[in-house]
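Both counts, for ligands and for their atoms, begin at 1 and track the order of listing.
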Amino acid sequence: MTNLENINWSSLPFGYLKADYNVRCIYKDGKWGEIEVSDSEFVNIHIAATCLHYGQEIFEGLKAFRGKDGKIRIFRPEANAQRLINSAKGIKMEPVPEELFLEMVKKVVKLNERFIPPYESGSSLYIRPVEIGTQARVGVKPADEYTLIIFVTPVGPYFPEGFKPTKVAVYREYDRAAPCGTGRWKVGGNYACGMGATARAQENGFSAVLFLDPKEKKYLDECGPANFFAIKGNKYITPKSGSILPSITNMSLQQIAKDMGLEVECRPIPIEELAEVDEAAECGTAAVCSPLSEIYDNDNDKTYVISKDGNPGPVVTELYKRLQGIQKGDIEDIHGWNTILD
Ligand SMILES: *Cc1c(COP(=O)(O)O)cnc(C)c1O
């Protein structure tokens with residue numbers, strides 16, 4: 001068993017640490033079976049399983065937080081359940097019923113309660129559900145058997161040095177998803193598509209790639225694992241596109257922006273409009289939101305400077321604080337987003 005005595009909760013990386021248990025459920029003969037609790041970090045699957053050959057893999061990511069009041073809050077698990085269902089339908093895998101998903105999420109968090117970082121650390125428990133096609137098939141056809149696994153791992157604050165803006169790059173020679181492809185679903189294969197571009201960006205000193213719409217290469221899509229939004233005057237603007245993944249963080253920030261009196265616009269955003277925005281950020285469960293200081297358009301050798309002094313802007317900072325406050329229980333959860341573990 002992992003020894004937690006000497007662990008420094010506030011300096012955990014966004015990485016993997018073995019927790020005590022994971023939960024699993026198998027779909028076979030037309031139905032989901034019983035929830036199994038496992039202490040193994042491995043799966044034993046057939047060498048011809050469809051997930052290994054034909055990319056039948058979808059996943060989710062969400063977090064649980066320990067509050068100042070000692071309560072454990074899981075952020076919007078119903079939204080993740082619905083998105084996992086959409087992803088499954090999108091690539092013809094078996095959808096996991098919402099109730100089963102929620103029961104498994106609560107169970108795995110409860111079983112690993114000692115891994116939920118203390119409130120003061122700024123860290124949280126990352127929950128990773130993954131569904132794979134496990135039937136042996138050589139012909140290309142969706143499997144009739146699936147395995148859902150949910151594991152957890154404590155993760156540190158995404159910004160160990162504080163909330164600092166980063167630079168991202170735009171390259172027109174790469175796409176992460178096709179115009180009518182799988183970008184709108186949380187499919188592992190989308191990440192495979194983005195790896196080359198991301199590696200190149202990182203070699204050149206950028207934190208990530210900001211992908212353009214794959215059809216016209218005119219509009220902003222999203223960053224590899226995170227949605228994009230910007231603040232322009234009194235507006236929160238975020239791309240509308242058929243090839244981006246609907247981020248639950250983005251949806252939540254849009255609501256908070258409205259609560260703050262901002263107007264929300266979800267529409268195609270031409271890359272040139274970056275010259276007119278006041279603030280920009282990428283958002284997702286891992287980082288909540290990560291401000292952007294510069295966006296470099298590689299093909300036109302043009303840099304859009306978003307933050308002149310290298311500091312995060314006031315609106316992005318406020319959005320970040322409010323969302324984190326709700327997640328940790330410091331700010332009233334007026335939209336009923338948290339599931340409190342009993
Ligand atoms: C998971 C993911 C996000 C972020 O979604 P959240 O629900 O906010 O965590 C954004 N883009 C892509 C491509 C993703 O896979």
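Look at Asn227 and you'll find a heavy atom under 4.0 Å from some atom of ligand 1. Within the 4.0 Å heavy-atom cutoff, Met251 does not count among the residues contacting ligand 1. Proximity of Pro246 to ligand 1 is not established, as no heavy-atom distance is less than 4.0 Å.
For ligand 1, one of its N or O atoms has an N or O atom of Glu222 under 3.5 Å away. Residue Ile248 places at least one N or O, backbone or side chain, under 3.5 Å from an N or O of ligand 1. Polar contact check, Tyr191 against ligand 1: a nitrogen or oxygen pair lies under 3.5 Å apart.
For CG of Asp342, the number of neighbouring non-hydrogen atoms (other residues, nucleotides, ligands) closer than 6.0 Å is 12 at most. Counted within 6.0 Å of NZ on Lys18, heavy atoms from surrounding residues, nucleotides or ligands total more than 12; the atom is thus considered enclosed.
A cation-pi arrangement is not found for Arg137 relative to Tyr54, the charged atom failing to lie both closer than 6.0 Å to the ring centre and inside a 45° cone about the ring normal.
The aromatic rings of Phe163 and Tyr320 sit parallel to each other, their planes meeting at less than 30°, with 60° as the upper class boundary. Below 30°, between 30° and 60°, or above 60°: for Trp337 and Phe75 the angle between ring planes is above 60°, a perpendicular geometry.
Remark: minimum distance from atom 9 (O) of ligand 1 to any protein heavy atom is reached at Thr285 OG1, 2.5 Å. Protein heavy atom closest to atom 14 (C) of ligand 1, with residue, atom name and distance, is Lys186 NZ, 3.0 Å.
Heavy-atom contacts of Gly224 reach the following atoms of ligand 1: 12 (C), 13 (C) (cutoff under 4.0 Å). Close contacts of ligand 1 with Arg83, meaning ligand atoms under 4.0 Å from a residue heavy atom, involve 5 (O), 6 (P), 7 (O).
Partner of Val96 under the side chain to side chain contact (heavy atoms under 4.5 Å, CB included) criterion, out of Glu60, Met104, Glu131: Glu131 alone. Between Trp32 and the choices Phe101, Tyr146, Tyr27, the ring-ring contact (aromatic ring centres under 6.0 Å, His included) rule is met once, by Tyr27.
Atom OG of residue Ser87 and atom CG of residue Asn80 lie 10.0 Å apart, to the nearest 0.5 angstrom.
Residue Pro225 touches ligand 1 through its backbone alone, judged by heavy-atom distances below 4.0 Å.
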